[in-house]
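Here is the structure we will look at, set down as structure tokens.
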There are 4 protein chains.
Amino acid sequence: MAPVRVGWIGLGIMGKPMARNLLKAGYPLTVYNRSRAAVEELAAEGATPAASPAEVARQADRIFTMVTDSPDVEQVVLGPQGVLEGAREGAILIDMSTISPQVSRRIAQEAAAKGVQALDAPVSGGDVGARKGTLSIMVGGDREAFEAVLPLFQVLGKTITYVGPAGSGQEVKLVNQIVVALTVLAMAEGLAYARKVGLDLETVLQVITQGAAGSWTLSHYGPRVLRGDFAPGFMVRLQQKDLRLALESAAAAGQPLPGTALVHQLFRHLEATGAGNEGNHALVKVLEALGGQGERG
Amino acid sequence: MAPVRVGWIGLGIMGKPMARNLLKAGYPLTVYNRSRAAVEELAAEGATPAASPAEVARQADRIFTMVTDSPDVEQVVLGPQGVLEGAREGAILIDMSTISPQVSRRIAQEAAAKGVQALDAPVSGGDVGARKGTLSIMVGGDREAFEAVLPLFQVLGKTITYVGPAGSGQEVKLVNQIVVALTVLAMAEGLAYARKVGLDLETVLQVITQGAAGSWTLSHYGPRVLRGDFAPGFMVRLQQKDLRLALESAAAAGQPLPGTALVHQLFRHLEATGAGNEGNHALVKVLEALGGQGERG
Amino acid sequence: MAPVRVGWIGLGIMGKPMARNLLKAGYPLTVYNRSRAAVEELAAEGATPAASPAEVARQADRIFTMVTDSPDVEQVVLGPQGVLEGAREGAILIDMSTISPQVSRRIAQEAAAKGVQALDAPVSGGDVGARKGTLSIMVGGDREAFEAVLPLFQVLGKTITYVGPAGSGQEVKLVNQIVVALTVLAMAEGLAYARKVGLDLETVLQVITQGAAGSWTLSHYGPRVLRGDFAPGFMVRLQQKDLRLALESAAAAGQPLPGTALVHQLFRHLEATGAGNEGNHALVKVLEALGGQGERG
Amino acid sequence: MAPVRVGWIGLGIMGKPMARNLLKAGYPLTVYNRSRAAVEELAAEGATPAASPAEVARQADRIFTMVTDSPDVEQVVLGPQGVLEGAREGAILIDMSTISPQVSRRIAQEAAAKGVQALDAPVSGGDVGARKGTLSIMVGGDREAFEAVLPLFQVLGKTITYVGPAGSGQEVKLVNQIVVALTVLAMAEGLAYARKVGLDLETVLQVITQGAAGSWTLSHYGPRVLRGDFAPGFMVRLQQKDLRLALESAAAAGQPLPGTALVHQLFRHLEATGAGNEGNHALVKVLEALGGQGERG
């Protein structure tokens, strides 16, 4: 039986290595990207270049999108020369961007009207996870479509979870981001306080990382904070984009999130002082600045 | 060589099982408590009852206190018939209560003036850890005094860490409590949001507990939240006492802690609605109430 | 000289009485609204109905828009059959809606490209001020265009201020809304606390309304809170719309607003519990609920 | 009839001018202060010096205290050589310090046991109001005792209000401070945002000071903020003391105050950066720092 034909739209920091993994797994791959350099790079590796999302869609059974935000997904899927112009009935659209759950649901509706199943399948694990194929993928949409795409997901990631109907994948991603951001705030306030009262930070970290205060964040980023290494990790500006989406979705649902709203404002100080491309563990610097503490030596 | 003679003041939920463990380890133990019932209970197991903290101190080389708050430690150590009235030079006072670092430092000064070393050694691990002797103990004070008491600490706990000069033990405990409280807020906002938008919470928990959002809190309390089981764990009113101490100490040090201040106010809703003896993971109910969500069925 | 011909698009709670005031002042008025009832009402009073914003624009020198949010203004100005399709060079477009400053600036650019000056002139004073012609109007855009429209503004409002280039009117409106919302929070926390500790609220209000704690909010809404009268005033859902715009604009400018973000979340509880159409002074009920206080008798 | 004999304990920035006003009004005045300089100054003006609070109390029918905080009032009233050691039955004690309502109530109880009525009568109006005798005074305690002291209050202040039983005066003062602090936050966030987006601040202030955003704070401190004049006004460290008392009292009453807790943390940045003696309107500098804005020129 002929292998499933795959299309990939969006070859950025995440999309390019993800598309490459599918290509290396032996799938016929047609690709499109706004700027041609990445297209040509993958074409040299065996992908078929396309001139538009519609053209990708015409040649694929499984069409992936990995772009920046809601308007970008709407553009490449619903816009002129978009995926839905070219996709045939029975094709499956998989959006792996992190966007508004509301927009994901609307896209699924519009796709269904054209006989195309749409899955929202945002990821977690960064560009490292994208390259290594170890992403965590949270998938919303039709269950059977999920099962049909599962072999492809298993090339791209390590932990693949079906979470519910269309939009649920995005919602679970946003839950994840709320918890991550506030756990980073926990570390930031604890360590800024510890530094201000003159404790030995290595000892502090050793003690609190075990037991009830422990978290992935503390274990992975605590040592980097102590070293003054604020390279990402997970970029502040991407954290902020996800928090904006979370707060918008919570607003629509009528759910107050005072902690999330606070940490979103605190992160803004990093964006305002040119640190938007640092890792989110740089939040400790905001608390230190509030405490009148100077830069770490 | 005769075994070190131990005194224990404060036989509450934590103090009684801790004193009992030292007794069972073979140490001669003299005890005092404001209400006699616990004294008589341990006397029946071989402890020697005393009528005052001073009397305990007169008969001990290592004098432990485990009481509720700063004024209580000041009372039993510095007050009339207090430890310092009875203690001889060379004795070591070990306060295992969680109190103000500032008060701990003052007590250490006053004790030193009488030739008594004082260690602040607050614990983590609850009454379960107290009974099983698996507490985590963070010790501040003179290093040699710490070494001298270490065998006793090893009866009481599993993880014993020397963290710095007098007051440091308390400070590290407060760092721990700041991080715990904000990590609980992370879980509370994530799960309240997830419930409000109609996600399947079992699936959500399964996904977010792994990876960057993971924490001891999420793993241990997430499932209890889903079951509506809000029994402690770690009582809200004790969390609140520790947060009050943390905010007071941060105030003295000039360190703003906006997240900690916020979660301290949110927990207050539980105290105001009769839930002060529930576990701190009940915080999710405050977020749910803010979102107009009813009680979990 | 023939009077200036006026066009009005958007005849809602604010727009209809404002358009009516211009009609009564003797200006030839052409009107458009999505639903016809209001159009027919004003037509019976002497206005000329139009079938589209473009048709209004073809017959007017001064074209007013008063609609709900940014997409609505973009639609009626830039969209098909929009104002810019019909407006002639030299016409002045005056948007009196409260929308994104960024969108206002873009509209001004697009209008300028067609030889049309655009002013952003949001208002304050509610439907009462709209009817009575006593609105406060904050105007951004070209200074000369402002001067040309001033006689019309003076029919609509009592306090008219030129505040700066295009977008500035919206920005000043948002500053106003930030200050209003936080002043309402000041009253809400003060009165909730006063009620919780059992003070006589009439006396409290009498004391605090004078002196350093005094504000328009306290004077105008304090007595209503005491009476349990939460009718608007200024509707919570409109306050929330303005706070969303303020937080979005602050985000774009890199200005953290932790207080504004907090009050925006607290107001959400009112939206979540069906009180979105109450006055913003109902915020006190959120603080009372947090304190476990029941409804006021 | 012989004039009422007055005693005054505490001759600081507030107490000295207040005591002086009673002396100038013709009352026989006995004074005590920890440091003698102020005592000697008033003795040169006709006051009788005393060597202890008890000695003051022995010679007075009306005994005023104006000291720093709860422990100070407890010390001079209940401590050795304190007021209650010297006061005779029928004397009235008036504490005009701002302290814990709970402590005020306890002092009233202890005084009553000795036949002495105690009033809590904190003030508002600063050292300027103290000198000019224009203070606002909020009085709690026995109604008849209030009436008996009213002529003295009328020398000290302009607006005197009886607010309820013992402790109520302090509570109303704290309500006032909650509202003041959050109204200052309203101004701080509004003006920091306005500056960040490049608005003309004179115009902004002119527009927002009228209407729904208006407040005493905005009118009195807005212009000083624009000039970069941060001299008190009302000192940050005194604002912080009052906010601490308010948050403690709210905690005891079970009333969450998330806004008050937030502004208390934000003010801490000023204390942490050596600005504790600036006026509370300096809060705008914290918001500006969060937005990465430099010092005002």
Side-chain angles (χ1 to χ4, degrees), chain A residues 101 124-125 136 138 159 161 163-164 168 171-172 174-183 185-194 196-197 199-200 203-204 206-208 210-218 220 234 246 249-250 253-260 262-263 266 287 290-292, chain B residues 101 124-125 136 138 159 161 163-164 168 171-172 174-183 185-194 196-197 199-200 203-204 206-208 210-218 220 234 246 249-250 253-260 262-263 266 287 290-292:
Chain A
S124 168
S136 177
M138 302 146 250
T159 310
T161 318
V163 295
S168 302
E171 295 283 23
V172 175
L174 297 181
V175 174
N176 194 77
Q177 297 313 87
I178 287 167
V179 179
V180 164
L182 284 170
T183 309
L185 179 63
M187 176 177 72
E189 293 212 349
L191 293 184
Y193 169 81
K196 194 68 150 85
V197 299
L199 291 172
D200 175 66
T203 307
V204 167
Q206 177 197 323
V207 171
I208 67 173
Q210 330 161 32
S215 67
W216 184 96
T217 289
L218 211 52
H220 283 77
F234 182 46
S249 183
Q255 175 58 55
L257 296 178
T260 303
L262 172 67
V263 74
L266 294 176
L287 277 305
L290 278 172
Chain B
S124 169
S136 176
M138 301 146 252
T159 310
T161 318
V163 294
S168 301
E171 296 282 22
V172 175
L174 297 181
V175 173
N176 194 76
Q177 297 312 88
I178 287 167
V179 179
V180 163
L182 283 170
T183 309
L185 179 63
M187 175 177 73
E189 294 212 349
L191 292 184
Y193 169 80
K196 195 66 150 81
V197 297
L199 291 172
D200 174 64
T203 307
V204 167
Q206 176 197 324
V207 171
I208 68 174
Q210 332 162 29
S215 66
W216 184 96
T217 290
L218 212 50
H220 282 78
F234 182 46
S249 184
Q255 176 58 55
L257 295 178
T260 303
L262 172 67
V263 73
L266 293 175
L287 278 303
L290 277 172

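Proteins get letters first, then strands, A, B, ... in listed order; numbering begins at 1 in each.
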Requested in this report: With a 4.5 Å cut-off on heavy-atom pairs, point out which of B:Ser124, B:Ser249, B:Gly164 contacts chain A the most.
Outcome: B:Ser249
**Report entry** Per-residue contact mode, B:Thr203 against chain A (heavy atom under 4.5 angstrom)
**Finding:** side chain
Report task. Could you tell me which non-hydrogen atom of A:Pro258 sits nearest to which non-hydrogen atom of B:Leu287, and how far apart they are? Result -> CD-CD1, 3.8 Å
Query raised in the report: Which heavy-atom pair separates A:Gly259 from B:Leu185 by the least distance, and what is that distance?
Result: CA-CD2, 4.1 Å
Query raised in the report: At their closest point, which heavy atom of A:Ala213 faces which heavy atom of B:Asn176, and how far apart are they?
Result: CB-OD1, 3.4 Å
**Report entry** Selection from A:Ala253, A:Ala246, A:Ala212, A:Ser215 maximising heavy-atom pairs under 4.5 Å formed with chain B
**Finding:** A:Ala212
Query raised in the report: Between B:Ala181 and chain A, which part of the residue has a heavy atom less than 4.5 Å away: side chain, backbone, both or neither?
Result: neither
Query raised in the report: Side chain, backbone, both or neither: which part of A:Thr183 has an atom under 4.5 Å from a heavy atom of chain B?
Result: both
**Report entry** A:Leu262, part contacting chain B, at a heavy-atom distance under 4.5 Å
**Finding:** side chain
Requested in this report: Keeping the roles fixed (side chain from A:Gln255, backbone from B:Glu189), state whether a donor-acceptor pair exists under 3.5 Å.
Outcome: no
Query raised in the report: Does B:Val172 reach the side chain of A:Leu199, with side-chain heavy atoms less than 4.5 Å apart?
Result: yes
Query raised in the report: By a 4.5 Å heavy-atom criterion (distance strictly below it), what part of B:Leu290 contacts chain A: side chain, backbone, both, or neither?
Result: both
Requested in this report: Tell me, for A:Gln206 versus chain B, whether the close heavy atoms (under 4.5 Å) come from the side chain, the backbone, both or neither.
Outcome: side chain
Requested in this report: Mind ranking A:Val263, A:Thr217, A:Thr260, A:Val204 by heavy-atom pairs under 4.5 Å with chain B and telling me who comes out on top?
Outcome: A:Thr260
Query raised in the report: Within a strict 4.5 Å, meaning less than it, do heavy atoms of the B:Val197 and A:Ser168 side chains meet?
Result: no
Query raised in the report: Does A:Glu171 reach the main-chain N or O of B:Tyr193 with its side chain, forming a donor-acceptor pair under 3.5 Å?
Result: no
Query raised in the report: Side chain, backbone, both or neither: which part of A:Thr161 has an atom under 4.5 Å from a heavy atom of chain B?
Result: side chain
Query raised in the report: At their closest point, which heavy atom of A:Val163 faces which heavy atom of B:Val207, and how far apart are they?
Result: CG1-CG2, 4.1 Å
Query raised in the report: What residue, out of B:Ala188, B:Ala192, B:Gly292, has the most heavy-atom pairs lying under 4.5 Å from chain A?
Result: B:Ala192
Query raised in the report: At their closest point, which heavy atom of B:Val179 faces which heavy atom of A:Gly190, and how far apart are they?
Result: CG2-CA, 4.0 Å
